[in-house]
Undergrad: 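Provided herewith is a single structure, encoded as structure tokens, for subsequent inquiry.
Proteins come first, then strands; the chains are lettered A, B, ... in the order of their sequence lines, and each starts at number 1.
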Number of protein chains: 2
Amino acid sequence: MRDVALRAGVSTMTVSRVLSDPGKVSAEVRQRVMAAIEAAGYVPNRLAGSLSSRHSRVIGLIVPSLENSLFAPTIQGISEVLRRNGYQLMVADCGGSDAEEEALVTAFLAQRVAGLVLHNTRHTAAARAMIRRAGIPVVETGTLTPKPLDMVVSYSNHEASRAMTLHLHRLGYRRIGFVSLPAAGNNRALARQGGYRAALAEAGLPPEPRLMLEMPPGLPSGAEAVVRLAEGPVPADAIFFAGDVLAVGALFECQRRGWAVPGRVGIAAFDNIEILGQMVPPITTLRLPRAEIGRRAAEILLDRIQGRSAGPVRVDLGFEIIQRAST
Amino acid sequence: MRDVALRAGVSTMTVSRVLSDPGKVSAEVRQRVMAAIEAAGYVPNRLAGSLSSRHSRVIGLIVPSLENSLFAPTIQGISEVLRRNGYQLMVADCGGSDAEEEALVTAFLAQRVAGLVLHNTRHTAAARAMIRRAGIPVVETGTLTPKPLDMVVSYSNHEASRAMTLHLHRLGYRRIGFVSLPAAGNNRALARQGGYRAALAEAGLPPEPRLMLEMPPGLPSGAEAVVRLAEGPVPADAIFFAGDVLAVGALFECQRRGWAVPGRVGIAAFDNIEILGQMVPPITTLRLPRAEIGRRAAEILLDRIQGRSAGPVRVDLGFEIIQRAST
DNA sequence: TTGTAAGCGTTATCAT
DNA sequence: ATGATAACGCTTACAA
């Protein structure tokens, strides 16, 4: 910048102003400075800028996994909004571990991020304390948690799960199986289990442990689950797969076995991944506002950072049942 | 840090040393400093550190899309290696636009990233110039480009496409259709088309424009393509889908129409996404080293940054044909 | 082993 | 409208 200032015959302050608030500089000087910037091939140093101004334009995002394509639309949504506003995105994955999340929060705070997006809604006490001390805004996106750190943008996993279960009941199913990811340490899976149980109670169906399964993520898990529940001691007439791509794996297994869907067993999924609608038969599922969650999360974060809002924010973006031929 | 130093009764330099090279500080003082850090809830400011030392621990990654799950394993691989080495990852997507990539390169250089990973192998002249001036290492990962900016870690899209086409020929197919993403401005799609053409020539099959199609990404595109090529003026006996999830969409369409695969038409894909192996029938495809590309890219970048290597690097991680029931 | 001083490249603040 | 000066919080280089 010193170089640019010399070339343009002005002080570094003037160069700085041309970059940050061109209106404050006379047109003639601005021209000269711009030319000097061009000639010098000058790229401003935001590290120095942030250090001096005590404001950074970087947002940190921590997701349980970067590999899982479920997070992709959310990340894209965040990225989109940040980019439009001249902000940068730092990402990391914590593999669902609270301790790892804490370490990543520390690393991000050390980078002096201006805000955080956390997909998880469980955090270590140390992580909470650090974030509070740092005084930066935080958005949680994983589920509409009742006691957020700060702000939440999501949908209710409990309500979505409950709604789908009631929907299946309304369709006439009476032995509704439920398959989720392992619930230990996963607030989203827990909420979904809760919603399923609540719906059974409302519908007057007795809870049946042999109709509930927890499986690791992946297509083979879904395949295994459909067999266990449809051929089990209490054969399910429909199965609600509340996690990942389990429903896809299940339908493939039915195709391999020649089982009619929904004749032999109905199948419902939890997420609107594109493939569900293309399968034969297309699978009943929930439409979740994945991309919208990302966009809104970024927006309210920026609102807060730029002083356009204050106080707690809780945005429920809802969900929608998509009834298709599989149930 | 000043606060920590006061609490521990030492200079800030000593605190700095405890953090960066604890061996240089006596055990007793180290204890005291650590305690002070804890008590103060001190989180070091890496912005200041990087500014002062002129080294950052942030790597920038630019992909064409964050939404496309194809990049997920690569991103995860990079993230994994960086995390292990105490580095941070900044990501952004350029939507396949060179101009946007240039803007993002500028933004990353302004953040003084220590290195760059670019998926694209096409760049604007300005982007090339900036990167050269910045003097930071760069890895390109999209394809084994002949004239890399600096380092490349990938596989050859040309060779992979050629190998699969020859494989189909060896299986007895003679009217091999080829579907790719739009090749304009996409070096990967271009390379795949080239490989297909080269294979036809080697096999002594005449090139047939009516057997080649460019389609936008997405399942419906694959569905449309299979119909157009299998019912076209020159009906394909096999189709090689060299892009995205086109093959999946195609097979679903065949299921809907009751077409036997491979009886009516053989189907081959380009990427080892999990679902291909689970479909009915499972789809012949190429195994590509997606995650490995990410890991290696990060590793050679760190090697270069930490002075463990110099000079051009070109890593060909190869590919592998997975023959399955769809061909 | 520990400390002092200078400087990294900006911006905030106050002058002019 | 422009400039001078002092931070911002650390690390490098040198000294003790």
Side-chain angles (χ1 to χ4, degrees), chain A residues 1-34 36-37 40-58 86 88 106-107 109-114 133-136 307, chain B residues 1-34 36-37 40-58 86 88 106-114 133-136:
Chain A
M1 187 156 119
R2 171 149 231 82
D3 177 36
V4 172
L6 289 176
R7 285 174 191 251
V10 296
S11 72
T12 59
M13 248 339 279
T14 301
V15 177
S16 174
R17 275 192 274 256
V18 168
L19 258 24
S20 58
D21 193 354
K24 291 199 157 183
V25 177
S26 73
E28 187 234 340
V29 172
R30 194 175 5 182
Q31 297 288 328
R32 239 189 311 143
V33 171
M34 298 294 265
I37 287 176
Y42 169 68
V43 177
N45 186 331
R46 298 246 173 275
L47 259 38
S50 294
L51 177 61
S52 179
S53 67
R54 299 147 141 294
H55 294 296
S56 92
R57 290 185 150 254
V58 177
Q88 240 52 54
T106 312
L109 292 182
Q111 300 285 350
R112 294 301 186 265
V113 295
R133 285 185 56 110
I136 61 172
Chain B
M1 186 155 121
R2 171 147 232 84
D3 177 35
V4 172
L6 288 175
R7 285 174 192 250
V10 297
S11 73
T12 59
M13 242 346 276
T14 300
V15 177
S16 174
R17 275 193 274 257
V18 167
L19 256 25
S20 58
D21 192 355
K24 290 198 157 185
V25 176
S26 72
E28 188 234 340
V29 172
R30 194 177 2 180
Q31 297 287 329
R32 236 188 313 142
V33 172
M34 298 292 266
I37 287 176
Y42 170 67
V43 178
N45 186 332
R46 299 248 172 271
L47 259 39
S50 295
L51 178 61
S52 178
S53 67
R54 298 144 144 293
H55 294 296
S56 92
R57 291 185 150 256
V58 177
Q88 240 53 52
T106 312
F108 281 165
L109 292 182
Q111 300 285 349
R112 295 300 186 266
V113 295
R133 284 184 58 109
I136 60 172

Undergrad: For the backbone of A:R46 and the side chain of A:S50, can you confirm whether one donor and one acceptor N or O come within less than 3.5 Å of each other?
TA: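 Indeed, once roles are kept as given, a pair shorter than 3.5 Å links the two residues.
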Undergrad: Is any side-chain nitrogen or oxygen of A:T14 closer than 4.0 Å to OP1 or OP2 of D:dG3?
TA: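 True: A:T14 side-chain N/O within range (under 4.0 Å) of D:dG3 OP1/OP2.
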Undergrad: If I take atom CG in residue A:L6 and atom C1' in nucleotide D:dG3, what distance separates them, rounded to the nearest angstrom?
TA: 14 Å
Undergrad: Could you measure the distance from the CD atom of A:Q31 to the CE atom of A:M34? Nearest 0.5 Å is fine.
TA: 8.0 Å
Undergrad: Are B:V29 and B:R32 packed together at the side-chain level, in the sense that at least one heavy-atom pair is separated by less than 4.5 angstrom?
TA: yes
Undergrad: CG of A:N45 versus P of C:dG9: gap in Å, rounded?
TA: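 Atom CG in A:N45 sits about 7 Å away from atom P in C:dG9.
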Undergrad: If you only use heavy atoms from C-beta on, which nucleotide in D:dT2, C:dG3, D:dC10 is closest to the side chain of B:M13?
TA: C:dG3
Undergrad: Mind calculating the distance between NZ (A:K24) and C1' (C:dT11) to the nearest angstrom?
TA: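 That distance rounds to 12 Å.
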Undergrad: Rounded to the nearest angstrom, tell me the gap between atom CZ in A:R32 and atom C1' in D:dG3.
TA: 14 Å
Undergrad: Using whole Å, report how far NE2 of A:H55 lies from P of C:dT10.
TA: 18 Å
Undergrad: Closer than 4.0 Å, any side-chain N/O of A:S52 to the OP1 or OP2 of C:dT10?
TA: no
Undergrad: For a quick check of understanding: with a heavy-atom distance under 4.0 Å over all strands, which category does A:R17 fall into, base, sugar-phosphate or nothing?
TA: base
Undergrad: CZ of A:R2 versus P of D:dG3: gap in Å, rounded?
TA: 12 Å
Undergrad: Tell me: CG of B:D3 to C1' of D:dC8, nearest whole Å?
TA: 16 Å
Undergrad: Would you kindly compare A:L19 and B:S26 by the position of their nearest DNA chain C nucleotide and give the one closer to the 5′ end?
TA: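 Looking at the nearest nucleotide for each, B:S26 comes out on the 5' side.
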Undergrad: Both B:S53 and B:V29 contact DNA chain C. Which one's nearest nucleotide lies toward the 5' end?
TA: B:V29
Undergrad: How long is the line joining CD of B:E28 and P of C:dT1, in whole Å?
TA: 13 Å
Undergrad: With rounding to the nearest 0.5 angstrom, report the CE to CE distance, A:M1 to A:M13.
TA: 7.0 Å
Undergrad: For a quick test of reading the model: is some side-chain N or O of B:S16 closer than 4.0 Å to OP1 or OP2 of D:dT11?
TA: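 Yes, within the criterion.
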Undergrad: What's B:R46 touching, base or sugar-phosphate or nothing? Going by heavy atoms closer than 4.0 Å.
TA: nothing
Undergrad: Below 4.5 Å, heavy atoms only, C-beta onward: do B:F108 and B:I136 meet side chain to side chain?
TA: no
Undergrad: Between A:R54 and D:dA7, does any side-chain N or O lie under 4.0 Å from OP1 or OP2?
TA: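 No, no such contact exists.
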Undergrad: Is there a side-chain polar atom (N or O) of B:S50 under 4.0 Å from OP1 or OP2 of C:dC8?
TA: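 For C:dC8, neither OP1 nor OP2 has a side-chain N or O of B:S50 closer than 4.0 Å.
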